[in-house]
Amino acid sequence: MSDFEIKSLKFSKKPISIPADYRPMYKIAQIVMILSLTCTGNKSSLLKLHLLSWALKNDKNKDEVLELIKNNYVAEMTVWGIEPALNRALLFCVAEEICKIEGGKYLLIEKGKEFFKLIKKNDVFHEELEFLNFVGKRKITDNRIESISNKWSLFNVEN
């Protein structure tokens, strides 16, 4: 082993790709679509944004949310993911005046509404728009989401 010598060692930084659903711009577009298509008055709780963002991650999650809607919310719902990427995108949205926080909820404002028009005009996010259009503004309310999350609390109370 003494014959083995390292004369030089060089590290070089290589770019790595970030999956689309973790990129801030994708998450910002997702937030704008959720607020525009599924929220009365373009205003939503953080928990609802997380639920719908989680649903948009894959077909299995979408199916679970659709099943909940079709069964009039009597079916059991598993815990959905809370994503740091969505929280960071919300910070960007507020900083860039795409939305603002009003009464503890996120409200889409003029710049966000213009961004939504661009999304629709450029004919992108087909799957996301189709799902969110089906969900609509009255199918998943903040009260229903709170009720579902309260059930989790009941099951996780230590005796």
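- In this structure, the separation between SG on Cys99 and NZ on Lys105 is 14.0 Å, given to the nearest 0.5 Å.
- Note: the hydrophobic cluster containing Phe134 also contains Val124 (ILVMFWY, side chain heavy atoms under 4.5 Å, direct or indirect links).
- Surrounding CD of Glu130 are at most 12 heavy atoms belonging to other residues, nucleotides or ligands under 6.0 Å away.
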*Verify salt bridge (Lys or Arg N to Asp or Glu O under 4.0 Å) between Lys70 and Glu67, making sure each step is shown before the conclusion.*
CA-CA 5 Å; Lys70 289 175 188 172; Glu67 208 49 44; 5.1 Å; no
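- In this view, Glu102 and Lys43, Lys100, Leu107 satisfy the side chain to side chain contact (heavy atoms under 4.5 Å, CB included) rule, not counting sequence neighbours.
- Counting only heavy atoms from C-beta outward, the side chains of Asn87 and His50 approach each other to under 4.5 Å.
- Within the 4.5 Å cutoff, the side chain of Val135 has no heavy atoms near those of the Leu37 side chain.
- Across all their heavy atoms, Ala89 and Pro24 have their closest contact at CB-O, 4.2 Å.
- Using a 4.5 Å cut-off between side-chain heavy atoms of Ile, Leu, Val, Met, Phe, Trp and Tyr, with links allowed through other members, Phe116 and Leu118 fall into different hydrophobic clusters.
- Side chains of Trp80 and Val65 form no contact here, defined as non-hydrogen atoms less than 4.5 Å apart.
- When side chains are defined from C-beta on, Leu52 counts as touching Phe131, because their heavy atoms get closer than 4.5 Å.
- Taking 4.5 Å as the limit, some side-chain heavy atom of Ile82 sits within range of a side-chain heavy atom of Leu47.
- In this structure, the side chains of Lys27 and Ser53 come closer than 4.5 Å at one or more pairs of heavy atoms.
- Under the 4.5 Å side-chain heavy-atom criterion for grouping Ile, Leu, Val, Met, Phe, Trp and Tyr, Leu46 is connected to Val94 within one hydrophobic cluster.
- Note that CD1 of Ile140 is 6.0 Å distant from CD1 of Ile145, once rounded to the nearest 0.5 Å.
- For the atom pair Met33 CE and Leu108 CG, the distance stands at 12.0 Å (nearest 0.5 Å).
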*Applying side-chain contact (heavy atoms from CB on, under 4.5 Å), run through Leu56 and Leu132 and close with a yes or a no.*
CA-CA 9 Å; Leu56 290 171; Leu132 294 171; 4.2 Å; yes
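- Here Ile18 sits in one hydrophobic cluster together with Tyr22; the rule is ILVMFWY side chains under 4.5 Å apart, joined directly or through other members.
- More than 12 heavy atoms of other residues, nucleotides or ligands lie within 6.0 Å of CZ in Phe125, so this atom counts as buried by the packing criterion.
- Within the 3.5 Å criterion, the main-chain N or O of Trp54 finds a donor-acceptor partner in the side chain of Asn61.
- Distance CZ/Arg144 to CG/Leu51: 12.5 Å, rounded to 0.5 Å.
- Side-chain atoms of Ile98 and Ile109, non-hydrogen and from C-beta on, never get closer than 4.5 Å to each other.
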*Taking it one step at a time, do Asp59 and Lys62 satisfy salt bridge (Lys or Arg N to Asp or Glu O under 4.0 Å)?*
CA-CA 5 Å; Asp59 289 339; Lys62 283 181 202 161; 3.7 Å; yes
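- Looking only at distances, a side-chain donor or acceptor of Lys48 sits under 3.5 Å from a matching main-chain atom of Thr38.
- Side-chain contact between Leu49 and Tyr106: present, with at least one pair of heavy atoms (C-beta onward) separated by less than 4.5 Å.
- Leu86 CG to Ile28 CD1: the interatomic distance, rounded to the nearest 0.5 Å, is 10.5 Å.
- Qualifying side chain to side chain contact (heavy atoms under 4.5 Å, CB included) partners for Thr40, counting only residues two or more places apart in sequence or in other chains: Lys137.
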